[in-house]
Amino acid sequence: MSVALSPSLAEAYGYCEAVARRSGSSFYRAFWLLDLPRRRALAALYAFCRFCDDCADAPGGRAALLARWRGEIELACAGRGEHPVTLALGDAILRFGLRRDDLEAIVRGVEMDFEKRRYATFAELRQYCYHVASAVGLACIEIFGYRDPSARKYAENLGIALQLTNILRDLAEDAERGRIYIPKEDMERFGYRERDLFANRETEAFKSLMAFE
């Protein structure tokens with residue numbers, strides 16, 4: 001695959017790589033395991049996800065910013081991007097066949113964090129995990145390259161597993177922000193109350209709930 005880029009596209013990829021590098025994430029170091037075209041494409045995807053996530057911290061204008069990034073997906077898919085991230089992402093879509101549905105699911109995942117602070121059932125939580133984690137993995141594997149179609153189901157399940165791990169790790173931090181991701185039906189099953197979680201009480205009910213999760 002040719003790696004020759006126009007000056008504007010090279011600049012756009014450089015911008016995305018800088019976004020990834022500044023994040024300090026271990027993801028950026030992992031990019032270097034890939035060849036140059038895939039590394040660039042993954043940096044573009046990372047920058048897109050980073051900008052979408054940052055909408056969550058934008059005071060007042062979160063919905064408008066997310067609507068903008070949903071529009072940027074359309075521009076990227078049409079090869080008409082002007083923002084550096086959109087320009088690079090459009091090239092990655094062309095080279096590696098990233099799916100629009102996966103990119104739109106990522107935006108939807110950020111929206112879901114605006115809309116909900118509780119989940120009644122695991123089915124509801126699974127949908128959240130799919131959008132905030134599985135969709136990212138599904139986009140990534142297009143860049144990695146795969147031949148077996150079952151890789152998509154594997155990526156979906158892996159994303160859900162990783163997000164559930166994050167949820168269990170961050171219980172106290174999320175509770176401080178007024179968020180509880182553990183399904184209400186599970187908490188009721190084991191008799192662990194929301195006020196216990198907010199008070200960081202590690203009761204026997206909590207231990208049983210955690211073992212179940």
Side-chain angles (χ1 to χ4, degrees), residues 8-28 31 40-119 124-143 155-156 159-160 162-163 166-167 170 173-181:
S8 60
L9 190 54
E11 260 186 45
Y13 272 125
Y15 177 90
C16 293
E17 287 168 355
V19 169
R21 187 167 56 250
R22 284 196 305 269
S23 73
S25 168
S26 57
F27 284 120
Y28 179 69
F31 294 176
R40 285 171 170 158
L42 205 57
L45 177 61
Y46 182 92
F48 168 74
C49 293
R50 179 78 273 146
F51 275 58
C52 289
D53 282 345
D54 287 348
C55 294
D57 300 321
R62 300 179 302 186
L65 280 172
L66 274 181
R68 176 199 170 174
W69 282 104
R70 187 172 275 114
E72 294 293 330
I73 294 172
E74 183 174 352
L75 292 174
C77 290
R80 294 189 288 111
E82 294 184 3
H83 189 287
V85 173
T86 313
L87 185 60
L89 187 63
D91 185 67
I93 290 168
L94 183 64
R95 288 173 183 262
F96 298 105
L98 276 69
R99 303 186 185 196
R100 180 171 178 168
D101 286 352
D102 295 334
L103 299 174
E104 290 181 341
I106 292 169
V107 176
R108 177 61 187 143
V110 178
E111 282 180 331
M112 290 173 79
D113 257 335
F114 300 164
E115 298 167 356
K116 298 193 71 166
R117 291 176 174 267
R118 303 287 191 280
Y119 291 85
E124 284 185 13
L125 180 64
R126 192 184 191 284
Q127 276 299 303
Y128 169 75
C129 293
Y130 175 89
H131 284 84
V132 299
S134 297
V136 178
L138 289 167
C140 285
I141 65 170
E142 300 297 338
I143 297 170
E156 177 184 335
I160 289 166
L162 291 173
Q163 188 61 30
N166 287 345
I167 286 168
D170 297 337
E173 183 180 330
D174 289 332
E176 288 175 3
R177 297 173 178 171
R179 296 184 183 278
I180 298 177
Y181 290 99

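- Using a 4.5 Å cut-off on side-chain heavy atoms (C-beta onward), L103 and L89 make contact.
- Under a cut-off of 6.0 angstrom, the local environment of CD in E115 is crowded, with over 12 non-hydrogen atoms contributed by other residues, nucleotides or ligands.
- Across all their heavy atoms, L87 and G81 have their closest contact at CD1-O, 3.7 Å.
- Side-chain contact between F51 and H83 is present, with heavy atoms from C-beta onward closer than 4.5 Å.
- With a 4.5 Å cut-off on side-chain heavy atoms, V85 and W69 count as touching.
- In this structure, CD on Q163 lies 13.0 Å from CZ on R126, to the nearest 0.5 angstrom.
- Scanning both residues, R179 and R118, for their nearest heavy atoms gives CA-NH1, 4.2 Å.
- To the nearest 0.5 angstrom, L125 atom CG is 12.5 Å from I180 atom CD1.
- Of all heavy-atom pairs between H131 and G109, the closest is CB-CA, 3.6 Å.
- Taking all atoms of both residues into account, the shortest heavy-atom contact from A139 to D102 is N-OD2, 4.1 Å.
- Contacts of Y119 classified as side-chain hydrogen bond (donor to acceptor under 3.5 Å, both in side chains), with partners at least two apart in sequence or in another chain: none.
- Using a 4.5 Å heavy-atom threshold, the side chains of L138 and Y130 count as touching.
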Could you check V136 against F48 for side chain to side chain contact (heavy atoms under 4.5 Å, CB included), going step by step and ending with a plain yes or no? CA-CA 10 Å; V136 178; F48 168 74; over 6 Å; no
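- Rounded to the nearest 0.5 angstrom, I143 CD1 and L98 CG are separated by 4.5 Å.
- Residues R22 and R50 are not in side-chain contact: their nearest non-hydrogen atoms beyond the backbone lie 4.5 Å or more apart.
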In residues 11-20, what donor-acceptor pairs under 3.5 Å come from side-chain atoms, sequence neighbours left out?
from : atom 1 : to  : atom 2 : distance (Å)
Y13  : OH     : A88 : O      : 3.3
Y13  : OH     : D91 : OD2    : 2.7
Y13  : OH     : A92 : N      : 3.4

Please walk me through it: do R177 and E173 pass salt bridge (charged side-chain N to carboxylate O under 4.0 Å, His left out)? CA-CA 7 Å; R177 297 173 178 171; E173 183 180 330; 3.1 Å; yes
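- Note that CG of L94 is 10.5 Å distant from SG of C77, once rounded to the nearest 0.5 Å.
- Using a 4.5 Å heavy-atom cutoff, the side chains of K116 and E124 are in contact.
- Atom CD of E156 is separated from atom CD1 of I141 by 10.0 Å, given to the nearest 0.5 angstrom.
- Between the CD atom in E72 and the CD atom in E82 there is a gap of 8.5 Å [rounded to 0.5 Å].
- Within the 4.5 Å cutoff, the side chain of D113 has heavy atoms near those of the Y128 side chain.
- For the residue pair L66 and C52, the shortest heavy atom distance occurs at CD2-O, 4.1 Å.
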